[in-house]
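Written below as structure tokens is the structure these notes are about.
Atoms considered below: every heavy atom in the structure, side chains included; atoms not considered: hydrogens, waters and symmetry mates. Just so it is clear: chains get the letters A, B, ... in the order the sequence lines come, proteins before strands, and each one is counted from 1.
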Amino acid sequence: AQSVAQPEDQVNVAEGNPLTVKCTYSVSGNPYLFWYVQYPNRGLQFLLKYITGDNLVKGSYGFEAEFNKSQTSFHLKKPSALVSDSALYFCAVRAPYNQGGKLIFGQGTELSVKP
Amino acid sequence: EADIYQTPRYLVIGTGKKITLECSQTMGHDKMYWYQQDPGMELHLIHYSYGVNSTEKGDLSSESTVSRIRTEHFPLTLESARPSHTSQYLCATQGQGSNQPQHFGDGTRLSIL
């Protein structure tokens with residue numbers, strides 16, 4: 001069965017410090033991995049994806065994520081957090097195409113960046 | 001960038017009413033999805049469509065129904081609303097190719113009294 005886990009319900013970071021939001025996955029075959037952000041009363045906004053190639057992918061708003069196949073992880077990172085980064089973050093993996101290609105989402109991690 | 005419009009944004013309505021939540025998109029994407037999300041919580045897929053006249057039930061059992069008569073529209077209907085239907089409903093689309101992300105509308109927050 002395919003699954004995604006975000007082990008931390010909440011991450012607290014001081015502004016200017018680096019941040020990491022963790023994600024691990026379980027899927028048959030080569031995974032397609034995605035990160036989304038959700039601000040209050042809004043839909044999910046796409047940040048970045050890993051399909052193939054370089055394990056470090058860069059996305060919107062200075063975010064990046066590192067794909068680690070041996071640890072089945074895809075952690076989201078940012079070198080210097082902003083208060084405006086405070087939001088709900090979702091990791092997602094795409095199931096193999098023959099199972100419909102649906103996105104499987106983690107349970108979300110709430111990021112709080114304090115001044 | 002996909003443009004996805006959901007209406008209404010907010011709806012408060014009494015028990016037993018018939019409700020239709022609208023979702024429309026301007027990008028011509030074949031794949032469309034409905035998710036249910038409680039505040040600050042994970043998403044649950046309730047319906048999806050891979051094109052006109054295609055609809056499938058998602059992973060979470062839902063009393064709602066959907067239709068896909070036109071590529072642009074993917075409305076969700078509750079025949080008789082109940083308080084347990086109170087939630088946020090998010091619509092999403094996806095372009096061609098399994099490496100494409102889903103794009104989301106801003107959602108409808110539904111409250112059933």
Open item on the list: Please report whether the ring centroid of F104(B) lies less than 6.0 Å from that of F46(A).
Closed with: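 No: the rings miss the under 6.0 Å criterion.
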TODO: Specify which of R109(B), Q88(B), Q37(B) makes the most heavy-atom pairs with chain A at under 4.5 Å.
DONE: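 When all of R109(B), Q88(B), Q37(B) are compared, Q37(B) has the most.
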Task: Residue pair M41(B) / F90(A): nearest heavy atoms and the distance that separates them - done: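 Here M41(B) and F90(A) meet closest at O-CZ, 3.5 Å.
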- [ ] Check P101(B) against K49(A) and note the closest heavy-atom contact, atom names and distance.
- [x]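 That would be CD-NZ, 4.1 Å.
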Open item on the list: A quick test of your reading: do over 12 heavy atoms of other residues, nucleotides or ligands sit less than 6.0 Å from CD of Q96(B)?
Closed with: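 No, because the 6.0 Å sphere around CD of Q96(B) holds 12 heavy atoms or fewer from other groups.
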Open item on the list: Counting only heavy atoms not in I69(B) (residues, nucleotides, ligands), do more than 12 fall under 6.0 Å from its CD1?
Closed with: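 No, not enclosed.
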Open item on the list: Does any backbone or side-chain atom of E110(A) lie under 4.5 Å from a heavy atom of chain B? Answer side chain, backbone, both or neither.
Closed with: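 It is neither, since no heavy atom gets under 4.5 Å.
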TODO: Mind checking the CG-NZ spacing from L45(B) to K102(A)? Nearest 0.5 Å is all I need.
DONE: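 These two atoms lie 6.0 Å from each other.
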Task: Any donor-acceptor pair under 3.5 Å from D106(B) side chain to G43(A) backbone - done: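 Indeed, once roles are kept as given, a pair shorter than 3.5 Å links the two residues.
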Any chain of hydrophobic side-chain contacts (each under 4.5 Å) joining [X] to [Y]?
X      : Y       : value
I46(B) : Y35(B)  : no
L76(A) : L82(A)  : no
F74(A) : F63(A)  : yes
W34(B) : I104(A) : no
Y33(B) : L43(B)  : yes

Task: Residues of residues 30-41 of chain A near chain B, each having a heavy atom less than 4.5 Å away - done: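 Within residues 30-41 of chain A, the residues that come under 4.5 Å of chain B (heavy atoms only) are Y32(A), F34(A), Y36(A), Q38(A), N41(A).
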- [ ] Would you mind telling me which of L88(A), L103(A), L44(A), T52(A) has the largest number of heavy-atom pairs within less than 4.5 Å of chain B?
- [x]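 The answer is L44(A).
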- [ ] State, without any angle test, whether R94(A) and Q94(B) hold a side-chain donor-acceptor pair at a distance under 3.5 Å.
- [x]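 Yes, Q94(B) and R94(A) have a side-chain donor paired with an acceptor closer than 3.5 Å.
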